[in-house]
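If you're wondering where the values come from, they're calculated on a predicted model, not measured in any experiment. Below, chains carry the letters A, B, ... as their sequence lines are ordered, and counting in each starts from 1. Worth knowing before you read on, the calculation uses all heavy atoms, side chains too, and leaves out hydrogens, waters and symmetry mates.
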Protein chains: 2
Amino acid sequence: MQHSLKKLFPSFSDDLIDEIESNAIWQSYKAGDVIMRTGQYINYTLLITKGQVKIYREGENGGEFFMYYLQPGQACAVSMICATKSQTSQIMAKVVEDVELIMIPLSLMEKWMMQYRSWYEFVILTYRTRFEEILEVVDSIAFRAMDERLEFYLKRHAEACHCKELKLSHQEIAIELNTSREVISRLLKKMEQRGLVRLHRNNIELLT
Amino acid sequence: MQHSLKKLFPSFSDDLIDEIESNAIWQSYKAGDVIMRTGQYINYTLLITKGQVKIYREGENGGEFFMYYLQPGQACAVSMICATKSQTSQIMAKVVEDVELIMIPLSLMEKWMMQYRSWYEFVILTYRTRFEEILEVVDSIAFRAMDERLEFYLKRHAEACHCKELKLSHQEIAIELNTSREVISRLLKKMEQRGLVRLHRNNIELLT
DNA sequence: CACAAACAGTAACATTTGTCACATTGCGTC
DNA sequence: GACGCAATGTGACAAATGTTACTGTTTGTG
């Protein structure tokens, strides 16, 4: 297992990896599971080792606004921030593809910050990456109209699955962009006419 | 000066305050100055000791989307994150009210993280607070229409200046919400009719 | 096969927001 | 007071987005 950890987290020093090995709690989840809910108390930092997780911001009226993907080799920044003071989560994390992850208890998280430079740097890098990602999300909703937001959304999904065939229904996309299915259908149709995509049932093929 | 630092940053331990005293660089800025620009390299973490700073996200076409206020006793989370790796800023910081601040060089920032628990906790708290604040901003643009966003905006400004008289022109508000002046005028008029505000020239009086 | 359920297309219309044009008001300066 | 300028008001219209209602299509299931 150490081998795969070293592969997933190449920046970690060997002694840190040993420590993770001997202390961490492994957990697995199935596609569709909700790992973290808005308002839930967080006592662990999560490191993803396998699968895909999507992070959402929940609206008062049941909206589920998509923010970013969590991938193997990454940590949940929100879990880090919350775990530091054992506070509640402001986001919702849903499993898209069966997940395996490591749970690091709050006490170790703090200890390692002082003890392992590679852990410290990993934590800071995680903060930075997520901060930037959220700023990009802000850009997309603050400055751009729905057509561009849709393109941005599709692009990010293609990056996450490393493929050009997105298995998404118009309805799903609509929910994650907080709009209605009809709007998405309309815009996708236009994209098809512009030659950017080809539309199939439950499947959007990117041509760019 | 130590006395005022202790007041502004009550969580800091005495030895940390001594260290700040002896190492930090003091700097002051005038209203209207831009402290930090998008794309600029950051080598210092900033602690505000006096005045008010507004943080914006800049759009490609010159938009200046308002995100949050930075107040005395607070640190710029973005400067922390960037300073850690001496990377570029993704935000713009503009002085609203003459500012005095302390600049902490990158090297000290890291050293203190290991050395002073109260610094470590302050940094983590800063991350957390800003993360939450940005998430609220995402909420407001993702889930809410312009009328509610305007109310949210006015509320935050009133909190920042601790008063009910906002010295803002409709044009300024429009820029910071990335919309047009006419829209803001229209919505403010409606708010006035609903008895939420009273409108004067360059001055919006909150009645709630 | 029959049926239900999810998915997708589309037209018509309502609402919100953005844009343009121009009028009006308040305020400082000469 | 006359003038100039920035701030604001407002109506008309355009464009984007949201809503409603209905159609047809695909898929899975009994």
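When the P atom of dT25(D) is taken as reference, atom CG of N202(A) falls 18 Å away, rounded to whole Å. In this structure, R149(B) atom CZ and dT16(C) atom P are separated by 15 Å, rounded to whole Å. The distance from atom CD1 of I184(A) to atom P of dA8(C) is 12 Å, rounded to the nearest whole Å. As a whole-Å value, the separation of F143(A) CZ from dG18(C) P is 13 Å.
A salt bridge does not link R144(A) to D139(A): none of the charged nitrogens lies less than 4.0 Å from a carboxylate oxygen. A salt bridge does not link R156(A) to E159(A): none of the charged side-chain nitrogens sits closer than 4.0 Å to a carboxylate oxygen. Under the 4.0 Å criterion applied to side-chain N and carboxylate O atoms, E58(A) and R37(A) are not assigned as salt-bridge partners. Between E64(A) and R57(A), no side-chain nitrogen of the basic residue sits less than 4.0 Å from a carboxylate oxygen of the acidic one, so the salt-bridge criterion is not met. The pair K155(A)-E151(A) does not meet the salt-bridge criterion, since no charged nitrogen lies less than 4.0 angstrom from a carboxylate oxygen.
Taking all atoms of both residues into account, the shortest heavy-atom contact from T88(B) to R128(A) is O-NH2, 3.8 Å. In this structure, T49(B) and P72(B) approach most closely via the heavy-atom pair O-CB, 3.6 Å.
Pairs of residues two or more places apart, or lying in two chains, that qualify as side chain to side chain donor-acceptor pair (under 3.5 Å) and include a residue from residues 67-76 of chain A are Q52(A)-Q71(A), Y69(A)-H157(A), Q74(A)-R130(A).
Taking E97(A) as the reference, nothing meets the salt bridge (charged side-chain N to carboxylate O under 4.0 Å, His left out) condition, with sequence neighbours excluded.
Inter-residue side-chain proximity for L101(A) and L47(A) is flagged as unmet; no heavy-atom pair is nearer than 4.5 Å. When side chains are defined from C-beta on, K94(A) does not count as touching I55(A), because their heavy atoms never get closer than 4.5 Å.
The stretch residues 166-175 of chain A does not touch DNA chain D, since none of its heavy atoms comes less than 4.0 Å from the strand.
In the helix from dC1(C)-dG30(D) to dC30(C)-dG1(D), the end axes, each obtained as the rotation axis mapping the C1' atoms of four pairs onto the next four within a five-pair block, lie 30° apart to the nearest 10 degrees.
Of the options W119(A), F122(A), F12(A), a ring-ring contact (aromatic ring centres under 6.0 Å, His included) to W112(A) is made by W119(A) and by none of the others.
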Worksheet item: Taking protein heavy atoms under 4.0 Å as touching, what does nucleotides 23-30 of chain C look like 5' to 3' if B marks base contact, S marks sugar-phosphate-only contact and - marks none?
Response: --BBS---
Worksheet, complete the sentence: With B for base contact, S for sugar-phosphate-only contact and - for none (protein heavy atoms under 4.0 Å), nucleotides 10-23 of chain D reads B-B----BBBBB--
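Ring planes of Y127(B) and Y127(A): tilted class, angle from 30 to 60°.
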